[in-house]
Amino acid sequence: MGYDEIMKLFLERGFLMPSCEIYSDALAGFWDYGPHGNTVKNRYVDLWRRELVRRDGMNEIDGSQVMSKKVFVASGHLESFVDPIVRCEKCGATHRADRLLQEATGKLVPERLPVEQLDQMILETGLKCPSCKGPLGKARRFNLMFRLGVGAADDDSYLRPETCQSIFVDFPRLFKVMRLKLPIGIAQFGKSFRNEIAPRQGVMRLREFYQAEIEVFFNPEKANNLDKYEELRDQTINLDLDGTLLQGVKCSEAFESKHVPNKLVAYYLALLHQFYDKAGLDMKRSRFRRLGGQEKAFYAEEAFDFEVETSLGWVELVACNYRTGYDLAAHAKVSGQDISVLDGDKKVVPHVFELSMGIDRSIYCIMEHAYAQEPERSVVKLRPDLAPITVGILPLVNKDGIPEFSKKIYNPLKTRYDVFYDESGSVGRRYRRLDEIGCPACITVDYQTLQDQTVTLRDRDSMKQIRIKSDQIETTLDKILRGEDLFKQ
RNA sequence: GCGGUCGUCGUCCAGUCUGGUCUAGGACAUCAGCCCUCCAAGCUGACGACCCGGGUUCAAAUCCCGGCGACCGCACCA
């Protein structure tokens with residue numbers, strides 16, 4: 001199913017809407033989650049907590065979104081999270097100054113060259129606009145961070161462009177007071193902000209977006225000394241190495257053939273593969289793509305993007321970056337604090353391997369993979385514990401005491417599950433509506449219920465029905481949420 | 001940011017070229033009622049829109065300008 005169908009479903013069924021929609025000056029790249037979208041997001045994050053954070057014994061924090069200027073001096077974002085651009089004075093086209101010069105001179109032009117030097121080079125080479133041969137204006141740096149003025153003094157600060165900087169600056173205290181030992185993962189779910197020049201494609205590129213980031217701190221001398229690696233050594237992943245796709249590579253093979261730098265990286269790639277499998281992605285359409293030198297972030301020594309294939313092409317869901325000691329060393333230098341920690345009896349500056357997950361796009365891709373257009377209906381085959389509604393309670397008819405009995409069933413379930421009570425229209429219509437938002441189960445109260453206290457339980461995917469005792473509803477729902485298939489014949 | 005295409009009920013479409021008959025029409029969806037013993041049935045009724053601002057005109061959904069947004073292409077994507 002395609003992007004248009006999914007976005008239509010999102011807009012029509014209360015998953016998502018453009019932020020500030022009713023105003024004419026609404027900005028691109030900002031979206032609000034509606035009730036169903038919000039529930040799916042919360043449930044997705046819960047899955048992330050269960051299957052990555054808790055499973056691996058990580059610590060989760062929640063840092064502030066506004067951070068001081070020096071954080072980004074240290075992180076390199078003030079200097080490097082920029083594009084040097086020049087604008088043509090005649091046709092108005094914007095170009096990357098460094099790339100233009102590189103093309104014209106054939107020499108390497110570092111991206112971080114001061115703008116004065118770029119201007120000088122443009123003057124010397126007599127560079128003109130490649131589109132219209134018009135004169136070029138002054139080069140300037142466009143920083144993708146949102147700047148804020150805090151307090152009456154209007155102190156420079158920034159909305160964080162990635163959640164992980166909170167983890168790095170909090171790390172020294174966390175390590176001490178939480179009695180942490182290397183290797184240790186610190187995780188965070190929250191908002192990040194990037195002033196994209198041209199946000200596109202709905203939630204795929206946002207200016208304000210959710211990330212779930214995991215920073216694994218480890219002793220670089222012990223990157224191959226990891227007991228839990230054995231648990232996942234046979235887990236297979238798909239690796240894309242410079243355009244060559246290796247499908248079904250065992251974690252152990254990936255390490256032994258040196259496709260990944262160490263056991264720790266192999267283990268976390270395998271763990272992430274398992275996570276998305278559980279989240280319901282079609283893993284046959286997934287890969288870890290090793291990034292070449294040009295593509296990597298400025299802080300990454302090795303990088304693998306976890307990507308899935310969708311109607312929009314391959315979409316990056318998680319950047320897996322081996323950041324080395326870059327971040328902690330930089331924060332140590334700029335802050336003047338000692339950020340090294342004790343590992344055994346040796347002081348080390350830990351290295352970092354990160355799993356930087358885009359939440360909004362993950363949810364989009366899971367929905368797209370789960371959406372099926374069947375001849376008679378649209379159905380989203382979400383795994384039950386990600387569904388916005390777990391169960392619908394439907395009286396078959398609106399008379400003879402059936403609604404009353406249905407409400408008796410509904411009321412005690414309300415506080416434990418996401419339940420939806422619906423008595424309007426035909427029962428078939430109500431099934432269809434719930435299918436379309438991914439609700440895995442419906443309970444229908446009929447005349448037999450009044451006789452023997454049984455209700456029908458209807459399965460979203462097969463549309464089959466079984467009868468269960470009404471006092472068995474909660475245990476049955478718990479089974480469904482655990483992923484048990486009660487409708488197999 | 002640039003270029004192209006476009007913007008009408010929740011959704012899809014008619015109306016725009018050729019200004020007035022548009023008090024903006026239809027279908028689907030939604031809501032209420034009737035009916036109703038399990039997969040979008042039927043009947044009755046209701047709710048509901050010209051993206052925003054300015055201009056031209058006796059008169060603007062319709063023509064012009066600007067803004068915002070969407071899509072496609074370019075560029076960008078730490």
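Below, chains carry the letters A, B, ... as their sequence lines are ordered, and counting in each starts from 1. The structure presented is a predicted model; accordingly, all values stated were derived computationally and were not measured.
A cation-pi geometry, defined here as NZ or CZ lying under 6.0 Å from the six-membered ring centre and within 45° of its normal, does not hold between A/K464 and A/F487.
In terms of modelled atom types and a separation under 3.5 Å, the side chain of A/S311 and the main chain of A/Y3 share a donor-acceptor contact. The backbone N or O of A/I366 lies less than 3.5 Å from no partner atom in the side chain of A/Y276, so there is not a single donor-acceptor pair. A/Y326 contributes a side-chain N or O that, together with a main-chain N or O of A/S75, makes up a donor-acceptor pair within less than 3.5 Å.
Where A/R205 and A/D4 each meet RNA chain B at their nearest nucleotide, the meeting point lying more 5' is that of A/D4. Projected onto RNA chain B by closest heavy-atom contact, A/A28 and A/R361 fall at different nucleotides, the more 5' of which corresponds to A/A28.
Looking at heavy-atom distances under 4.0 Å, A/N398 makes contact with a base. Within the nucleic acid shown, A/L11 has no heavy atom closer than 4.0 Å to any nucleic acid atom. Nucleic acid contact class of A/F30 (heavy atoms, under 4.0 Å, all strands): none. Contact annotation for A/E376: base contact, defined as any heavy-atom pair under 4.0 Å involving a base atom. Within 4.0 Å of A/L144, counting heavy atoms only, lies no atom of the nucleic acid at all. Among the protein residues, A/E162 comes within range of the nucleic acid bases, having at least one heavy atom under 4.0 Å from a base atom.
Phosphate contact (OP1/OP2 of B/C35, side-chain N/O of A/K399, threshold under 4.0 Å): absent. Side-chain N/O atoms of A/S426 include one lying less than 4.0 angstrom from OP1 or OP2 on B/A41. Checking the phosphate oxygens (OP1, OP2) of B/A41, a side-chain nitrogen or oxygen of A/R429 falls inside 4.0 Å. Using a 4.0 Å cut-off, no side-chain N or O of A/Y447 falls inside it from OP1 or OP2 of B/C38.
Remark: P of B/C38 and CD1 of A/I468 are 20 Å apart, rounded to the nearest angstrom. The distance between atom CG of A/N195 and atom P of B/G1, rounded to the nearest whole Å, is 11 Å. Spacing between atom CG of A/L9 and atom P of B/A40 amounts to 19 Å, rounded to whole angstrom units. Distance A/F15 CZ to B/G10 P: 20 Å, rounded to the nearest Å.
For the C1' atoms, the distance linking B/U23 with B/U37 amounts to 46 Å, nearest Å. Here the separation of B/G19 from B/C64, taken at their C1' atoms, is 13 Å to the nearest Å. With both ends at atom C1', the span from B/U62 to B/U21 equals 14 Å, rounded to whole Å. B/G48 and B/C36 have their P atoms separated by 31 Å, given to the nearest Å. Nucleotides B/A41 and B/A59 have their P atoms positioned 49 Å apart, rounded to a whole Å.
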Under 3.5 Å, N/O pairs linking protein and nucleotides 49-54 of chain B:
| residue | atom | partner | partner atom | Å |
| --- | --- | --- | --- | --- |
| B/C52 | O2' | A/S24 | OG | 3.3 |

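A/Y23 contributes no side-chain N or O that forms a donor-acceptor pair with the base of B/C68 under 3.5 Å. For A/R458 against B/C39, a side-chain N or O and a base N or O form a donor-acceptor pair under 3.5 Å. Interface remark: the A/Q465 side chain does form a donor-acceptor pair with the B/C38 base, using a distance-only criterion of under 3.5 Å. Remark: the A/R433 side chain and the B/C39 base include no donor-acceptor N/O pair separated by less than 3.5 Å.
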Problem - side chain to side chain contact (heavy atoms under 4.5 Å, CB included) assessment of A/Y364 paired with A/M367 - result: CA-CA 5 Å; A/Y364 172 86; A/M367 289 290 290; 5.9 Å; no

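Aromatic rings of A/Y44 and A/F275 (six-membered ring for Trp) have centroids within the 6.0 Å cut-off, being under it. Here A/F306 and A/H273 keep their ring centres 6.0 angstrom or further from each other.
For the salt bridge (charged side-chain N to carboxylate O under 4.0 Å, His left out) test with A/D435, the passing option among A/K381, A/R430, A/R458 is A/R458; the others fail.
When Watson-Crick and G-U wobble pairs are counted only if both distances are under 3.5 Å, B/U62 pairs with no nucleotide at all. Using Watson-Crick or G-U wobble geometry with both donor-acceptor distances under 3.5 Å, B/U11 finds its partner in B/A27. Nucleotide B/C47 has no partner under the Watson-Crick or G-U criteria, as no pair reaches both atom distances under 3.5 Å.
Judged as a side chain to side chain donor-acceptor pair (under 3.5 Å), and not counting sequence neighbours, the contacts of A/T449 are A/D446.
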